Every structure is written in C-alpha cells, then in structure tokens.
Chemist: 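Here's a structure for you.
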Amino acid sequence: MGRAQQQVPVSAGRGNPWRWLLAPAVVVVGLWAMRPATQAFDGWFDLRGPDRAAAGQRGTPGGGDVRSGGAGSGSAASGSREASGPDLIVLGTSMTAAAVAPEALAGDLAKTLGRRVTVRSFARPGSTIVQHLFGVRKLLKQDPAYLRGTTVLVEAPAGRPSWATWSTPWHIPGTTEFVVSLMQNDDLVRLWSSDAPIAHRWSITSAYVTRGYDEWTQRRSIRDHVFRRGTGLADALLRGVLPARRRATPKGPSIHAAAGVGTSGAELARARGEVERELEAARASDPPVTAWGETVFRDLVALVRANGGEVAVFTLPVSSAQSRVLETPNRRAIARAFVPFARDLGIERLEVPFTVGRDDFPDLRHLAVTRRLDFTRALATTLAAAVRSGAVGERLSQGPGAAPR
Amino acid sequence: MIFDSWTFLAFAMVVYPTYALLGRGPMGWRRQNTLLLIASYVFYGAWDPRFLSLIALSTAIDYVAARGISASRSSRGRNAWLGLSCASNLAILFAFKYFDFFVGSAVAGIRALGFEANAPVLAVILPVGISFYTFQSMSYAIDVHRGRIAPIRSLPDFALYVAFFPQLVAGPIERAERLLPQLTGPRRVTRDHVRGGLWLVLVGLFKKSVLADNLGRVVDLAFDGSPAGDVAGSTCLFAVYAFALQIYCDFSGYSDMARGLARLLGIELMRNFDRPYLARDPREFWQRWHISLSTWLRDYVYIPLGGSRGRRFATARNLMLTMLLGGLWHGAAWTFVLWGAFHGLWLALHRYWTGLGLSLGGEGPVAIWTQRVLTFHAVCLGWLLFRARDLTQVGAFLHAIARDFVLDENTAVVAFTALFAWLLLLAFESVSRDDDDPTRIVGWRRANGPLLVGTLVLLVVALAPAGERPFLYFQF
C-alpha cells in the first residue's frame, strides 16, 4: 500500500445513520420552496401557451390575428383548443424572428385580402430545421387537424432553405434542451442511424434520457429567477453609490429583441464578433453537395402535406458578408438544385423584392429593427399576390370565415 | 468527457462497480490496473481518439528512456537517454502547443520592421491536457536519472501512471515516487475512502458548477462582450474579482473532484490548493496555488538553475526564468508570458526586500489582513494579464478602473454574481474549514453533516447553469 494512502483519516464514530434522511429532505424542500417563485419553462411549439388566450383578444387593426410560440411562457393553463390551426405559420431562425413582425404580417394580409388572417410565428433564435419538424409533429399530435389548409412559410436566406440532412447536427451548441423537449423515443433510432458525429449523438441521447431531471427540478427557471432578482438588487444598491455612465440617448434597439442576440451596444458588438468568426470559418469550408431529396426540409414538406397543409419558402435578405459565404461552389450548386426540386414538389418560392444597404445588418446577420416593418410589408405583398394567383394559400384565398379543407 | 457531465456519470457507473468486483483475490489489483488503463484511454479518447497516439508515444518514450538510463553504465549514456526523453517530450509539446505562436510572433516581428515575411503554420488542435501528462511523464525519466526511483518493469503499469484518468487532463501533476507505488500494489477501498472521496467530488462539483460556471458567464461578458475601451471601471473591477474566484473554483474544483475520484479507487492524489487567497506574500501564494506545478518547477527548473544558492542577481534571474516558463506552460500567448514575468519580478522583489529585513507591519491581525488584502490585489493584477485578450485590453481595464469608475449596463450582473459567489464560498469554507475529512466538521455526526451535504446538492441542482462548460485548465 502506498505511503500516501495512510493519510486518509479514520473516523472515530458513526452517529445515527437515520440522520442522513435530512440530506434529501433539504433538497426536496428547497426545490419545492423555490418553485412558486419561478415560472415554469414550456417548450416551444405548444398549443397551450398563455399567448393563446391573449392572442384571440389581440386582433390587429386590420383584423389580423397573431400568435407566437410559447418559449419562456407562463403556466400552460389555457383550456380550450382550436378546431384547426392558423392560416399561416412562419418557421425560421433568429433571422426571421428579427425580420418578420407577425402582427404586422397578419394586419397587412388582412387589409390586402379583405379577411381576418391568423398568423403564428415559430421563428426562434437558435432553432434548426430538425427542431421545426419536431415542433410541427408535436402540434399535430396535440391537434391532428391543426395544419389543414394552413400555409407553412419556411425561411430561405438568399433563396435557399436549410439543406441540413439527418446527419447534420440537430441543434446549435448550447441549445440541446430545445431539440430534446420535442423529441420522442423513435427519434433516437433515427439519430443513431445517421452519420452525425458520435459526440453529438451522445450529447443529445444523454440530454434526452435525463430530460426528466431538468423538468422535475425546474432548475433553469430557479437559477434565472435568483440571478435576475439579485442583479436587480445590486443595480438598485450600486445606483445609490456610483454614477451611471452618460451615453447619447439611443434611438432604440438596432435589432429586434426576438432575434435573441440582445440589443445593447455590448451585446451587438459581441454578436458581430461571433458572426464574423463563424462566417470566416464557413467561408473556409465548402460543405459537400447535398441531394435535396435527403434533406430534413423534404421530410418537413411531406409531413405538412400529409396533414393537409402546404409549404412555401420566402427569400430572406442577408448581409453582404453572409452572401459571400453562400457563394462557394458547392453552396451555389445546392442552391441551383433547389429550383427543380421545388418545382417538382410544387413548393412555391416567394421572391420578396427587398433592397438592403450596408447598415441594415447591425450584427451582420439580423435585419435592423428599422427595416423590420418594411420587409414584413414586402413579404405580405408578395404573399398576397401569390394567394391571388392561386399559387399558395387555398384557405387564405377563400373569403372570411372559410372552413378548412 | 468532463467530470460534471451525464456522460461521465455513465462512464463512472460502469468503471467503479467493475473495479470493485475485479479487486477480489490476491492479484486483483492487476486486473484493476488493466481496467483503469482501458478506462483512462476511453476517457481521453472521448475528446479525440487521434490524440491517444500522442499519449501512447509519450509513454513509450519515457518507458524506454528510463529503462535505458537504468541500464547505462556510463553517465554519458544516462545523459543521452535523458536527453532523448526531454527532447522528445518537449518537441511534441512544442509542435502542438507553441509552434504557431513562435512562428507567428517571429513573422509579426519581421513585418513590424518593415519586411515582408510569411511562414507556414500547423494550425493543429491543442490536445487536451498535453502539458500535464507531458510534465508528469518527463519527471519520471528525470527522477530515474537522479536515482530517486527505480524504473518500473511493467509497461501497462507505467502507461496507467501517465494516463490515470482522474488526473490526466488537468492534474495534479503527480510524481512517480508518490503515485507509482500506489498503482503497483494491492489497494483496499475503505469506508473512509468512500466517504472522503464522495465528499471531495461533491465539494468539487459545488465549486465548479455553482461558482465557477456562473462566474464564467459574467467574466466572459465583461472581457469578451465589448470593445476593450467600452467597459466601465466598476464592471472591470468586479470582473477581475470574479475571474480571481472563477479560476480558483474551476481549477481547485477539478482538483477536488480528481482527488475524490481517485480516492474512491483507493488512491491518494496530492493536494493542489491550500486557500491561496489567504497568502501574505507571493512566495506563500505559490506554496498554496497549483502546488503540483509550482513544486515541479521548483524541483526540475529552479533548483537545477541554481535556485537561491548564488548571488542576489542570480537568484532573481532563476526566479524570473522559472516563472516565465510557468507562464508559457499555461499557454502560447504573450499575455501568459507577461503573467509569468509579473510573478517572477514580484517574487524577486519580495525576496530582495525581505532580504533587507523589510516587511509590512508585524504579526498582529491587522497587519496580517493588510498583507493578505494587498497580496490578493497583486494576484488580481496578474489575473488581469492572464485573462485579457491582449495587452490593449489590460491597459483599457486599468485605465477604466482608475479614471472611469462609473456604472454601465453590465455592472450589476457582474457585481452581483461575483459577490454572491464570494459569499457562498466564504460561508462554505468557514463551515468546512477546507478539510479533506468531512467528519472533522463541527456537528458532522449530528445534523450538520446531512444539512451541509443536502445544501450543497441543492445548490448544485438549482444554480448550476445548463450545458457543459469545460474546465479552464483543460486548455493548458
């Protein structure tokens, strides 16, 4: 036996072993005591969010109606369920969240089409096409008629939607819980039969297997609550002691908060730095050409169609820095291949006429908040034209109160 | 695979019960060693299997070199074998860690002089923990050369010494004379091992997940969230305090977990931290901070350079060279070199003025705490050099603290997190008294033990941020 082993202290007595029941009691009581002070975390894509009840009373002046997904929302208390879903669902990442104002989209469409239009946006920062497919599947599980007659608009930066396959990482780093909250058991089979990196497969699997831990403890909301309250207290105390830095009055946030990157100067600078690094890395590596028939997008289209909906893609403006990334040979080939693919499947491509300038992307990725309504209006106009021509939106083209197919 | 992950929990749930089962019988420790070696390679390979070849190469070189040293009859032959070991290890380290830095710095220097220069860079990924296991493996060959230990016969046992998973990627850097005897004989895991091991794992988890990971978020916000000159002085100051605690909790938390995990296997690793922020001078700080590295540098660099045996200037030079090497060991960047130089200079000055009989105050509590506070702030100045992106940021932070001490939008979150974490740590240390043996905590055998354990678990469950955040020292 090694010399150092003798350093391990030897205990003198043991005490009453039953006292150890106190330890789990402290944990359970502690968590229980902290819960009421916090809000539950609801996953995305839930028909039950509190926004649902509010949405019905939030009609826009033009008669539009809007709902957003339930991320970070409160208790899932709403009882009634719609017989069918909204007229329009928007799927996308933070780029769409920054560029499309669902309220304005609903209002503009209502004005143009002369009927009440319901829009629900699931555009979320940090989301991927896999999460959106799982989310749509979850909606259908809650209400099989949800997509009947609905148009699902999918973002297509510079005209190309996500070409990710099942072997592409299912989530962006640090957001495992978003995809895990939407998964079901058989997705693990799909995950392990894909060619995704082993580390990625394992991280999703372990997060999925242990998801009950986060749900039961509600640790995310407890932690957020503690730090939010503490920061507020510190802020109040420090303001009594130190002067605040004088800054020129800001004209408002540069990027809409829905993009999730923050709107302060510091956060924007950080986001811009991150985007620059990402774009540099992306420019250096050209991905292999993917057949559109193998993409998750194709499966999303199939799922929506099988349940009575239709899919259209809309062109999302990108910054010049980002468009340079898209101009590598393989990325161009992928974009070219999308045109016949979309034509064969009857997917409408909405080319939104929208001109952008150098200052329209404060962090190189997300549209400036000052252009948000302009883009939304352009999208509404393009969509309304497509509806009138019969290219999309069977339900949208019908008169007020039209029943789903 | 990091200790505070579900993946590691699954790994441990396979390894530890199997280890206990294999230990039965007179030669059970041999089977246990085979298991530990396989487990250690799986543990390391989980990061990137390609780097297993590097660790195997280091192991083979030092195993052969030590055998060669032992078999050589002439001192020339012994020196040649040692030279082979050191040159090979340092070449691997240089290629993977320092090549791009030195070449890039040289090219930048030439360009600064107005000449055109280009040079190839390797752009390889830094293998996790390469500095730790290279130093550990190299010290074995040096100790054999010095006659302190005999070379080990079993290659698998030596491979386990190099790759032992609890301390493989971030230390402590164990010496062969301490660890090898534990690995090459029967081990018994007692009740005290299990209790002490679990306690250390829990303490490490608390320091890492609750304190270091939350602090890391606000430290990143202050250091990486804005252009250097755009951060208010108050945020800069709180961020430096936060980083001082983050790096301590992150690294000592890892060391605690490493020691706890090894203790659960019946193996004792050395203590790597001893309340470093209570140090009263730089010398004491280095006796309390990253003890395994500071003693390694003392034994294998400082003393061979002459230590403090020469004149005052020679001692100062030896201190400076040792600390410069210590700074460079942490990473290939000028900020690390400057951090090492700062500590070298501080140690040399401290030695100079104590040599003159000067000291700050006496031995009363006020004097002691004054010395501690001053030493802590000097250490924090070093941490600013250590954490900053570049020297421009160092200057900007110091300028903001001195001339722009106002609030900005991040001050409150940085201040609250730093203060909250400091208070939690102080409360914990005042109860636990930083003791390895939890039974020495007052009232442990009554209700205090379960209450303390329950509270630590509650804090880990409720306050650890979601997602995995690697240990800071993995990059070294």
Side-chain angles (χ1 to χ4, degrees), chain A residues 1-16 19-27 30-31 34 173-177 199 202-203 206-207 209-210 213-214 217 219-220 222-223 226-227 230-236 238-239 242-246 264-267 269-270 273, chain B residues 5-7 10 46 178 181-182 185-188 190-193 195-196 214 221 224-227 230 232 234 263 266-268 270 404-413 415-417 419-420 436-437 439-440 444-447 449-451 453-455 457-458 461-467:
Chain A
M1 186 183 289
R3 174 181 76 172
Q5 270 184 287
Q6 292 160 10
Q7 294 170 1
V8 175
V10 178
S11 60
R14 291 181 181 176
N16 184 351
R19 76 192 193 284
W20 283 103
L21 289 176
L22 267 176
V26 167
V27 178
L31 287 173
M34 286 190 221
T175 62
T176 322
E177 68 277 11
W202 179 248
S203 79
S206 60
V209 171
T210 57
Y213 169 70
D214 279 354
T217 58
R219 52 204 292 273
R220 170 195 294 275
I222 290 174
R223 183 185 169 279
V226 168
F227 280 87
T231 301
L233 181 67
D235 193 42
L238 285 168
R239 279 179 192 282
L242 290 173
R245 172 178 277 178
R246 284 183 198 163
S264 71
E267 287 163 325
R270 182 169 52 165
Chain B
S5 67
W6 293 110
T7 313
R178 181 186 160 87
Q182 297 187 67
R187 299 175 282 270
R188 202 164 69 86
T190 64
R191 186 190 177 88
D192 291 313
H193 280 109
R195 182 179 46 227
N214 281 308
L221 186 68
D224 305 328
S226 331
D230 208 27
S234 57
R263 189 177 281 180
I267 291 164
E268 277 296 307
M270 71 179 291
D404 187 27
F405 205 77
V406 293
L407 301 176
D408 66 17
E409 64 270 27
N410 292 328
T411 308
V413 68
F416 169 72
T417 311
L419 200 65
F420 184 56
D436 278 3
D437 179 12
T439 60
R440 289 189 189 150
W444 178 267
R445 291 190 180 81
R446 294 188 296 276
L451 284 176
V453 168
T455 306
V457 173
L458 175 65
V461 169
L463 296 184

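The chains referred to below are lettered A, B, ... by the order of the sequence lines, with proteins before strands, and numbering in each begins at 1. Everything numeric in this text was worked out from a predicted model, so none of it was measured.
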Chemist: Which heavy-atom pair separates Trp6(B) from Ser206(A) by the least distance, and what is that distance?
Modeler: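 Heavy atoms of Trp6(B) and Ser206(A) come nearest at CB-CB, 4.2 Å.
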
Chemist: Using a 4.5 angstrom heavy-atom cutoff, name the option from Leu463(B), Val461(B), Val457(B) with the most pairs to chain A.
Modeler: Val461(B)

Chemist: Using heavy-atom distances under 4.5 Å, tell me whether Pro24(A) contacts chain B through its side chain, its backbone, both, or neither.
Modeler: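 For Pro24(A), there is no contact with chain B at all, as no heavy atom is under 4.5 Å.
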
Chemist: Is the backbone of Leu451(B) close enough, under 3.5 Å, to the side chain of Arg19(A) for a donor and an acceptor to pair up by distance?
Modeler: no

Chemist: At a 4.5 Å cut-off on heavy atoms, which part of Ala415(B) comes close to chain A: side chain, backbone, both, or neither?
Modeler: side chain

Chemist: Among Pro450(B), Ala10(B), Ala464(B), which residue forms the greatest number of heavy-atom pairs with chain A at distances under 4.5 Å?
Modeler: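 Most heavy-atom pairs within the cutoff with chain A belong to Pro450(B).
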
Chemist: Which residues pass the side chain to side chain donor-acceptor pair (under 3.5 Å) test with Arg239(A), sequence neighbours left out?
Modeler: Asp235(A)

Chemist: A side-chain contact here means heavy atoms from C-beta on lying under 4.5 Å apart; do Leu242(A) and Val406(B) qualify?
Modeler: no

Chemist: Using non-hydrogen atoms and a 4.5 Å limit, figure out which bit of Ser234(B) sits close to chain A: side chain, backbone, both or neither.
Modeler: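 Only the side chain of Ser234(B) comes within 4.5 Å of chain A.
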
Chemist: Could you have a look at Leu21(A), Val26(A), Leu233(A), Thr231(A) and say which one has the most heavy-atom pairs with chain B under 4.5 angstrom?
Modeler: Thr231(A)

Chemist: Return the minimal non-hydrogen interatomic distance between Val27(A) and Gly454(B), and the atom names on each side.
Modeler: CG2-O, 3.5 Å

Chemist: Could you go through the side-chain contact (heavy atoms from CB on, under 4.5 Å) check for Val413(B) and Phe227(A) one step at a time?
Modeler: CA-CA 8 Å; Val413(B) 68; Phe227(A) 280 87; 5.8 Å; no

Chemist: Using side chain to side chain contact (heavy atoms under 4.5 Å, CB included) as the criterion, list what pairs up with Ala46(B), not counting sequence neighbours.
Modeler: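 In terms of side chain to side chain contact (heavy atoms under 4.5 Å, CB included), with neighbours along the sequence ignored, Ala46(B) is linked to Met1(B).
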
Chemist: Considering non-hydrogen atoms only, spot the tightest contact between Ala462(B) and Ile222(A) and give its length.
Modeler: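 Heavy atoms of Ala462(B) and Ile222(A) come nearest at CB-CG2, 3.9 Å.
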
Chemist: Ala236(A), Gly230(A), Ala234(A): which one forms the most heavy-atom pairs within less than 4.5 Å of chain B?
Modeler: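 Most heavy-atom pairs under 4.5 Å with chain B: Gly230(A).
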
